[in-house]
**Q** 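After the structure tokens below, expect a handful of questions from me.
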Amino acid sequence: MTAPDAIIRLEPGGIVILDQTRLPAEAVERRCADVDELVDAIAVLAIRGAPALGVAGAMGVALAAERAPDGAGFRAALETDAARIAAARPTAVNLAVGVAAGLAAAGNAGDDPARVRAETAAAARAFHADEVDRCRRIGAHGAALFGDGARICTICNAGGLATGGYGTALGVVRRLHEDDRSPSVWVPETRPLLQGARLTAWELADLGVEHRVLPDGAIAGLFGRGLVDGVVVGADRIAANGDTANKVGTYGLAVIAHHHGVPFYVAAPCTTIDPATPDGAAIPIEERPRAEVTGPLPGTVPAASAVHNPAFDVTPAALIDAIVTEDGVLRPPFALGP
Ligand code: MRU
């Protein structure tokens with residue numbers, strides 16, 4: 001399986017990522033040699049998924065420190081670049097959390113640029129290792145919620161690619177598989193960018209987990225035929241009341257699961273919980289470019305038609321049976337505020 005360092009790593013002179021826009025056709029690395037290149041890689045989803053964005057944010061601060069010229073303007077340049085990285089995508093709170101971790105390391109390192117560079121690089125690598133560890137613990141807690149041979153539905157990709165390592169929702173599946181408990185996974189393709197069909201399927205095939213890819217429109221029918229035992233999804237931001245932003249389509253999946261009495265679980269590290277955001281209405285939802293909806297078939301949408309392309313939606317806490325974190329399984333009512 002893809003090692004954490006193969007998904008994203010900090011090297012002298014740049015951040016190297018496995019380019020997720022090219023998967024599954026080819027496994028190609030993309031080097032971000034400066035902050036502009038990192039912001040672009042984040043914007044096009046070459047690196048994506050909330051925890052992996054957090055790692056990119058922490059590494060981005062180290063990259064910004066490396067690129068900032070020595071001298072009086074060093075710290076201002078670092079902070080300006082850090083703010084640009086944090087703003088590259090608005091919904092996943094992990095990105096801001098990762099940048100904040102990098103800035104905290106910079107703040108503790110004093111005024112010597114060489115020391116700031118060393119400390120931010122060490123902090124970024126530690127942040128990455130921590131996220132992978134959190135996912136392993138999520139996997140163990142989440143696996144205890146499922147019986148043997150569970151037929152699990154997920155959405156988008158919340159696997160190793162999305163977390164810089166083991167995975168959150170797919171971490172649960174992975175743990176079941178490691179324990180020989182024979183999970184099988186329904187994988188909605190996840191229009192428009194097909195993270196399910198391209199990335200989740202790629203990961204599950206590599207792991208040897210039984211799975212089947214389906215059009216998003218086929219989800220309700222699966223539940224109607226009694227073919228799903230439980231749902232587990234990732235999260236981009238969990239508000240203080242438990243309302244959860246995740247890939248667009250997650251809310252619909254939760255409504256369908258609720259209608260059929262199938263448990264709906266969110267799996268996410270505590271770095272995805274945002275105590276400062278009171279509820280889902282306060283979560284910023286990223287609107288993505290028109291071209292993602294009008295492609296990949298040319299001419300699918302008439303030029304005169306407007307497009308609505310939110311990258312995420314918010315699942316109300318009332319539809320969530322549990323939030324699985326590295327520290328254990330939280331049940332409603334959720335009270336995650338400060
Ligand atoms: O737009 P993406 O591909 O970054 O969206 C990713 C998701 O919605 C994931 O489910 C979420 O970030 C959790 S990843 C463990």
Side-chain angles (χ1 to χ4, degrees), residues 2 4 7-8 17-21 23 41-57 88-98 128 131-132 134-139 142 153-174 185 187-203 216 231-238 244-254 264-274 283-289 292-293 309-315 320 323-326:
T2 313
I7 296 166
I8 182 166
I17 58 175
L18 180 59
D19 188 341
Q20 297 187 34
T21 65
L23 290 170
I42 292 171
V44 301
L45 275 53
I47 181 79
R48 49 151 292 283
L53 288 173
V55 175
R89 292 191 78 192
T91 303
V93 71
N94 303 63
L95 181 57
V97 169
H128 187 189
E131 284 300 270
V132 177
R134 289 172 196 271
C135 285
R136 287 188 182 279
R137 286 151 59 200
I138 289 168
C153 187
T154 188
I155 191 169
C156 192
N157 170 263
L161 292 168
T163 58
Y166 192 79
T168 54
L170 285 196
V172 173
V173 170
R174 200 163 165 174
V185 185
V187 182
E189 57 181 357
T190 317
R191 280 278 296 154
L193 295 182
L194 303 174
Q195 290 94 328
R198 294 189 302 108
L199 307 176
T200 294
W202 185 76
E203 290 197 36
D216 299 329
V231 178
V232 58
V233 302
D236 284 85
R237 188 186 299 232
I238 301 173
T244 295
N246 191 50
K247 178 53 55 193
V248 67
T250 304
Y251 180 20
L253 179 55
F264 181 93
Y265 303 122
V266 170
C270 292
T271 43
T272 304
I273 296 172
D274 182 8
I283 299 176
I285 299 295
E286 176 185 4
E287 181 77 18
R288 303 268 317 161
E292 292 179 356
V293 174
N309 186 20
F312 304 97
D313 59 24
V314 175
T315 300
I320 299 171
I323 298 173
V324 185
T325 75
E326 65 272 31

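Counting convention: from 1, in listed order, for ligands and their atoms alike. Numbers for residues simply follow the sequence, beginning at 1.
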**Q** Any chance the side chains of Asp19 and Thr21 put a donor and an acceptor closer than 3.5 Å?
**A** yes
**Q** Have a look at Ala235, Gly49, Ala162, Gly164 and point out the one with the heavy atom closest to atom 13 (C) of ligand 1.
**A** Ala235
**Q** So, do Cys270 and Arg134 sit near enough that their side-chain heavy atoms are less than 4.5 Å apart?
**A**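 A side-chain contact exists here, since the closest heavy-atom pair is under 4.5 Å.
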**Q** Considering residues, nucleotides and ligands other than Tyr251, do more than 12 of their heavy atoms fall under 6.0 Å from its OH?
**A** no
**Q** So which heavy atom in the protein is nearest atom 5 (O) of ligand 1, and how far is it from that ligand atom?
**A**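 It is Lys247 CE, 3.3 Å.
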**Q** For residues Val233 and Ile155, report the shortest heavy-atom separation together with the two atoms involved.
**A** CG1-CG2, 3.8 Å
**Q** What are the two closest heavy atoms between Ala158 and Thr200, and how far apart are they?
**A**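 Of all heavy-atom pairs spanning Ala158 and Thr200, the closest is N-OG1, 4.4 Å.
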**Q** Are Arg237 and Asp274 within salt-bridge range, i.e. N to O under 4.0 Å?
**A** yes
**Q** Using heavy atoms and a threshold below 4.0 Å, how should the contact between Gln195 and ligand 1 be classified: side chain, backbone, both, or neither?
**A**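 For Gln195, only side-chain atoms sit under 4.0 Å from ligand 1.
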**Q** To the nearest 0.5 Å, how far apart are OG1 in Thr271 and CD in Glu131?
**A**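 CD of Glu131 is found 3.5 Å from OG1 of Thr271.
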**Q** Could you list which atoms of ligand 1 come closer than 4.0 Å to a heavy atom of Ala158?
**A** 14 (S), 15 (C)
**Q** Under the side-chain contact (heavy atoms from CB on, under 4.5 Å) test against Asp236, which residue among Val314, Asn246, Thr250 passes?
**A** Asn246
**Q** Considering only protein heavy atoms, which is closest to atom 4 (O) of ligand 1, and at what distance to one decimal place?
**A** Arg89 NH1, 2.8 Å
**Q** Just to confirm my output: which protein heavy-atom neighbour is closest to atom 12 (O) of ligand 1, and how far is it?
**A** Ala50 N, 2.8 Å
**Q** Is the shortest distance from a heavy atom of Ala92 to ligand 1 less than 4.0 Å?
**A**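 For ligand 1, residue contact (heavy atoms, under 4.0 Å) with Ala92 is absent.
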**Q** Looking only at protein heavy atoms, which one is nearest to atom 10 (O) of ligand 1, and what is the separation?
**A**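 Going atom by atom, the protein heavy atom closest to atom 10 (O) of ligand 1 ends up being Asn246 OD1, 2.6 Å.
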**Q** Is it true that Glu286 and Arg288 have a side-chain N and a carboxylate O under 4.0 angstrom from each other?
**A**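 Looking at Glu286 and Arg288, the cut-off is met.
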**Q** By number and element, which atoms of ligand 1 are closer than 4.0 Å to a non-hydrogen atom of Thr163?
**A** 15 (C)
**Q** Which residue owns the protein heavy atom closest to atom 3 (O) of ligand 1, what's the atom, and how far is it?
**A**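 Of the protein heavy atoms, Arg48 NE, 2.4 Å lies nearest.
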**Q** Would you call Cys156 a ligand 1 contact, heavy-atom distance under 4.0 Å?
**A** yes
**Q** In ligand 1, which numbered atoms sit nearer than 4.0 Å to a non-hydrogen atom of Pro51?
**A** 14 (S), 15 (C)
**Q** What protein heavy atom lies closest to atom 7 (C) of ligand 1? Include the residue and the distance to one decimal.
**A**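 Nearest neighbour among protein heavy atoms for atom 7 (C) of ligand 1, to 0.1 Å: Asp236 OD1, 3.3 Å.
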**Q** Atom 15 (C) of ligand 1: which protein heavy atom is closest, and how many Å away?
**A**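 Going atom by atom, the protein heavy atom closest to atom 15 (C) of ligand 1 ends up being Thr168 OG1, 3.1 Å.
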